[in-house]
Amino acid sequence: MVNYGKQSLDQSDIDAVVEALKSDWITQGPVVEVFENSLCSYFGASRACAVANGTAALHLTALALGWQTRDVVVTTPVTFVATANCIVYTGATPDFVDIDPITYTIDPNRVEEKVKSLRLKGEQIKAIIGVDYAGHPCDWKALRDIADQYELQLVSDNCHALGASYNRDKQYAVKYADVVTQSYHPVKHITTGEGGAVLTNDSSIDEKVRLLRTHGIWKGSSESKNQKSILSQSWYYEMHELGYNYRITDFQCALGSSQLKKLDRFVGARRKIASLYDQMFAGVDFLTIPRSQRPIRHAYHLYPLQVDFEKAGINKSLVFGKMNAAGVNLQVHYIPVHLQPYYRREYGFKRGDYPVSETFYEREISLPMFPGVTDEVQKTVVSQIKESLCV
Ligand SMILES: Cc1ncc(COP(=O)(O)O)c(C=O)c1O
């Protein structure tokens, strides 16, 4: 069965992991820092803190930015639930802003409207989380301008867009956002099994994230932070904040460093697959292929095809069933977060609140998209879809 996403591993990745496993440290060792340094170089960040997964990266970001009960944080409904859940973890209130119908990323005009209307109601809006959905960067310049004008924090959930560029710049994410989060789940561009990172140019945010990654504990005492006393009391530690164990292991980071070297190649392979889908779907009725509006380089974490099922007079489940019988497991990204039972129940969101996102969801199917997808698989997928549409 071919899924929508899958890791791409080779012998050099396996060798890197084996080497880490044979070393003295399999966790809390030097390989973590090596990976963090390579993340800094590739993404142009002054600091990177590798963590257990992308959800932990978001949680630590929310804590480091000091979100609290009275705060409201806005994001897109078209994302994985983890993006919104990190707001809830802190006790702050999640709110949403609809997407742009071309790029499927948060619509900056609507963000500004939302900020103004929340302020009018006396609500304390604290931050915006943009998500580079499917690998298409948000309109980061517009989001930065809004964040500056209204004194908001700006977070980039960059999990889908590793290796993308914005205004011809691959290092755009940390330039515009105060904090950037990534995930290295196997369906993402590079993998560490489970894993993630928080990238920033703000050393105080990085220090908070690091402290909270390890139970809020630091070695040595706060009064005597000079090297001599730490060395003479190597057993001593203090807990300063309520933190977590969100660490990542050395062997995962060995895999991460090995994978990062191939990121440009992986993105190139994804773009080639996308371009073949684009060609094969060109001119087909009822379909919209992924588009872009700005000078961006799409990283194609996903290939989100829009099918106007209503106009075509067919049913999404039927297409999924047919494809399954042909050995292809499609997916949908995403059921809008505000329609999840938890968000409806706890915050009163309902169908109709974010119509662009809802229509997008109804029409969306994610086609197989990872470097191992063959031309044969692409042809099967395309012919099944055309057959279902009777075109
Ligand atoms: C946009 C987005 N944010 C956050 C996450 C969470 O990452 P992880 O699965 O590594 O916890 C994901 C993972 O699917 C994601 O797609």
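The basis for the numbers below is simple: all heavy atoms, side chains too, and nothing from hydrogens, waters or symmetry mates. Both ligands and their constituent atoms are indexed starting at 1 by order of listing.
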_Using 30° and 60° as the class boundaries, would you call the ring planes of F360 and Y104 parallel, tilted or perpendicular?_
tilted
*Nearest protein heavy-atom contact for atom 8 (P) of ligand 1: which residue, which atom, what distance?*
G54 N, 3.4 Å
*Atoms of ligand 1 close to L58 [distance to a heavy atom under 4.0 angstrom, numbered from 1]*: 4 (C)
*At what distance is the nearest protein heavy atom to atom 3 (N) of ligand 1, and which residue and atom is it?*
D157 OD2, 2.7 Å
*Ligand-residue contact atoms, ligand 1 with T79, heavy atoms, under 4.0 Å*: 1 (C)
*Would you say T55 and ligand 1 have an N/O pair spaced under 3.5 Å apart?*
yes
_The single option from D132, D145, D169 passing side-chain hydrogen bond (donor to acceptor under 3.5 Å, both in side chains) against W140_ = D132
*Who else is in V17's hydrophobic cluster (ILVMFWY, side-chain heavy atoms under 4.5 Å, direct or via others)?*
L9, L21, I26, F251, L255
*Which residue supplies the protein heavy atom nearest to atom 9 (O) of ligand 1, what is that atom called, and how far is it?*
S183 OG, 4.1 Å
*Top protein contact for atom 5 (C) of ligand 1, by heavy-atom distance*: F80 CD2, 3.9 Å
*Nearest to atom 16 (O) of ligand 1, what protein heavy atom do you find, and at what distance?*
H160 NE2, 2.9 Å
*Report the C-alpha separation of Y334 and E364 in whole Å, then their side-chain angles, then the decisive distance to 0.1 Å, and conclude whether the side chain to side chain donor-acceptor pair (under 3.5 Å) test is met.*
CA-CA 8 Å; Y334 292 96; E364 203 271 343; over 6 Å; no
*Please identify each residue that fulfils side-chain hydrogen bond (donor to acceptor under 3.5 Å, both in side chains) with Y277, with sequence neighbours left out.*
none
*asked:* Angle between ring planes, H160 versus H301, binned at 30° and 60°: parallel, tilted or perpendicular?
replied: tilted
*Short N or O distance, Y334 and ligand 1, threshold 3.5 Å exclusive*: yes
*Among all protein heavy atoms, pick the one closest to atom 14 (O) of ligand 1 and tell me residue, atom and distance.*
K188 NZ, 2.9 Å
*Between K316 and Y361, is NZ or CZ placed under 6.0 angstrom from the six-membered ring centre and within 45° of the ring axis?*
yes
